[in-house]
Amino acid sequence: MTEGTTSAAAEGGDTLTRLEQEGEIAADYLEGLLDIADLDGDIDMDVEADRAAVSIISDSDRELQKLVGRDGEVLEALQELTRLAVHRETGDRSRLMLDIAGFRAQKRTELAELGAKAAIEVKSTGQPVKLDPMTPFERKVVHDAIAAAGLRSESEGEEPQRFVVVLPA
């Protein structure tokens with residue numbers, strides 16, 4: 001193994017360790033939050049696509065819907081608070097993803113389908129398609145679906161009205 005390969009492997013291990021640490025800090029923070037709110041939930045941690053991913057799940061997802069809110073608004077706020085808690089402990093900016101009661105997983109599936117349908121429309125008409133405004137998470141999922149379909153896409157507009165435009169190849 002060359003020196004460059006050794007350092008790359010060590011760097012990859014360091015990144016995984018750092019992301020696992022982010023997940024642990026986030027889990028502790030969220031457990032405290034669940035205790036304060038008197039809500040039951042289990043916390044699952046993982047590393048996905050170079051980010052820490054933390055999920056709160058429960059046998060009674062209905063109870064956790066309070067933490068999701070309308071269109072995921074409360075979930076977005078909790079994710080930012082959790083990222084701040086991680087930042088406070090580590091000093092590093094976190095890109096942690098939080099899912100509650102499978103909301104983001106369900107949303108990811110819906111958005112991938114939306115991106116695939118938009119790609120089909122662009123391929124058949126040859127005309128760009130503008131989608132409705134989305135959050136950064138939603139736009140990322142759609143951009144990935146468009147790229148998988150062999151097309152390109154761009155984000156346009158200003159937050160909170162930023163949207164995806166699907167372009168012909």
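- Taken from CG in L75 to CZ in F103, the straight-line distance is 6.5 Å, to the nearest 0.5 Å.
- Here L19 contributes atom CG and E48 contributes atom CD; the two are 11.0 Å apart, rounded to the nearest 0.5 Å.
- Between atom CG of residue D40 and atom CG of residue L64 there is a gap of 8.5 Å, rounded to the nearest 0.5 Å.
- If you take OG on S58 and CG on L67, they are separated by 10.0 Å, rounding to the nearest 0.5 Å.
- A donor-acceptor pair is defined here as one N or O able to donate and one able to accept, closer than 3.5 Å; such a pair exists between the side chain of D99 and the backbone of A105.
- Taking 4.5 Å as the limit, some side-chain heavy atom of L98 sits within range of a side-chain heavy atom of L30.
- In this structure, K117 does not pair ionically with E121, as no charged nitrogen and carboxylate oxygen lie closer than 4.0 Å.
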### Message
Determine whether R104 and E76 satisfy the following criterion, salt bridge (Lys or Arg N to Asp or Glu O under 4.0 Å), listing intermediate values before the conclusion.
### Response
CA-CA 10 Å; R104 278 201 203 277; E76 289 288 334; 3.1 Å; yes

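- With I146 as the partner, the side chain to side chain contact (heavy atoms under 4.5 Å, CB included) test is satisfied by one option alone out of V141, L151, V129, V122: L151.
- With rounding to the nearest 0.5 Å, the separation of CD1 in I25 from NE2 in H87 is 11.5 Å.
- Looking only at side-chain heavy atoms (C-beta outward), L33 and L39 stay at 4.5 Å or farther from each other.
- Between H143 and S153, the side chains place a donor N or O and an acceptor N or O closer than 3.5 Å (distance only, hydrogens not considered).
- For the pair T90/R18, no side-chain contact is recorded, criterion being any heavy-atom separation below 4.5 Å from C-beta on.
- Counting heavy-atom neighbours within 6.0 Å of D35 CG, excluding the residue itself, gives a total above 12.
- Partners of V74 according to the side chain to side chain contact (heavy atoms under 4.5 Å, CB included) rule, which considers only residues two or more places apart in sequence or in another chain, are L78.
- For the pair E154/L167, a side-chain contact is recorded, criterion being any heavy-atom separation below 4.5 Å from C-beta on.
- With sequence neighbours excluded, no residue forms a side chain to side chain contact (heavy atoms under 4.5 Å, CB included) with I120.
- D144 meets the salt bridge (Lys or Arg N to Asp or Glu O under 4.0 Å) test with K140; sequence neighbours excluded.
- By the side chain to side chain contact (heavy atoms under 4.5 Å, CB included) test, D71 is found to be paired with no residue, residues two or more places apart in sequence or in another chain being considered.
- Smallest separation of non-hydrogen atoms from P133 and P160: CB-O, 3.9 Å.
- Between A52 and G23, the shortest heavy-atom distance links the atoms CB-N, 4.1 Å.
- Counting heavy atoms from C-beta on, the side chains of I56 and L34 come closer than 4.5 Å.
- Applying the side chain to side chain donor-acceptor pair (under 3.5 Å) test to every pair with at least one member in residues 156-169, sequence neighbours left out, gives these pairs: R139-E159.
- Residues L111 and V166 share a hydrophobic cluster, clusters being chains of Ile/Leu/Val/Met/Phe/Trp/Tyr side chains in contact below 4.5 Å.
- Not a single side chain to side chain donor-acceptor pair (under 3.5 Å) links T82 to another residue, sequence neighbours left out.
- Hydrophobic clustering, with ILVMFWY side chains joined whenever heavy atoms are under 4.5 angstrom apart, groups I43 together with V68.
- E73 meets the side chain to side chain contact (heavy atoms under 4.5 Å, CB included) test with R70; sequence neighbours excluded.
- For E63, there are no salt bridge (Lys or Arg N to Asp or Glu O under 4.0 Å) partners, not counting sequence neighbours.
- Residues satisfying the salt bridge (Lys or Arg N to Asp or Glu O under 4.0 Å) test with R108, not counting sequence neighbours, are none.
- M97 has its side chain within reach of Q79: a pair of non-hydrogen atoms, C-beta onward, lies under 4.5 Å apart.
- Here E89 pairs with nothing under the side chain to side chain donor-acceptor pair (under 3.5 Å) rule; sequence neighbours left out.
- Placement of L81 and M45 within a single hydrophobic cluster is found when ILVMFWY residues are connected by side-chain heavy-atom separations under 4.5 Å, directly or transitively.
- The hydrophobic clustering, which links ILVMFWY residues whose side-chain heavy atoms are closer than 4.5 Å, places V86 and V54 apart.
- Taking R51 as the reference, nothing meets the side chain to side chain donor-acceptor pair (under 3.5 Å) condition, with sequence neighbours excluded.
- Not counting sequence neighbours, K130 has no partner by the salt bridge (Lys or Arg N to Asp or Glu O under 4.0 Å) test.
- By the rule that hydrophobic residues join a cluster once side-chain heavy atoms approach within less than 4.5 Å of another member, V164 and F137 end up as members of one cluster.
- The two residues G115 and A145 make their nearest non-hydrogen contact at CA-CB, 4.1 Å.
- Looking only at distances, a side-chain donor or acceptor of R83 sits under 3.5 Å from a matching main-chain atom of L96.
- The structure places OG of S55 at 8.0 Å from CG of D46, a figure rounded to the nearest 0.5 Å.
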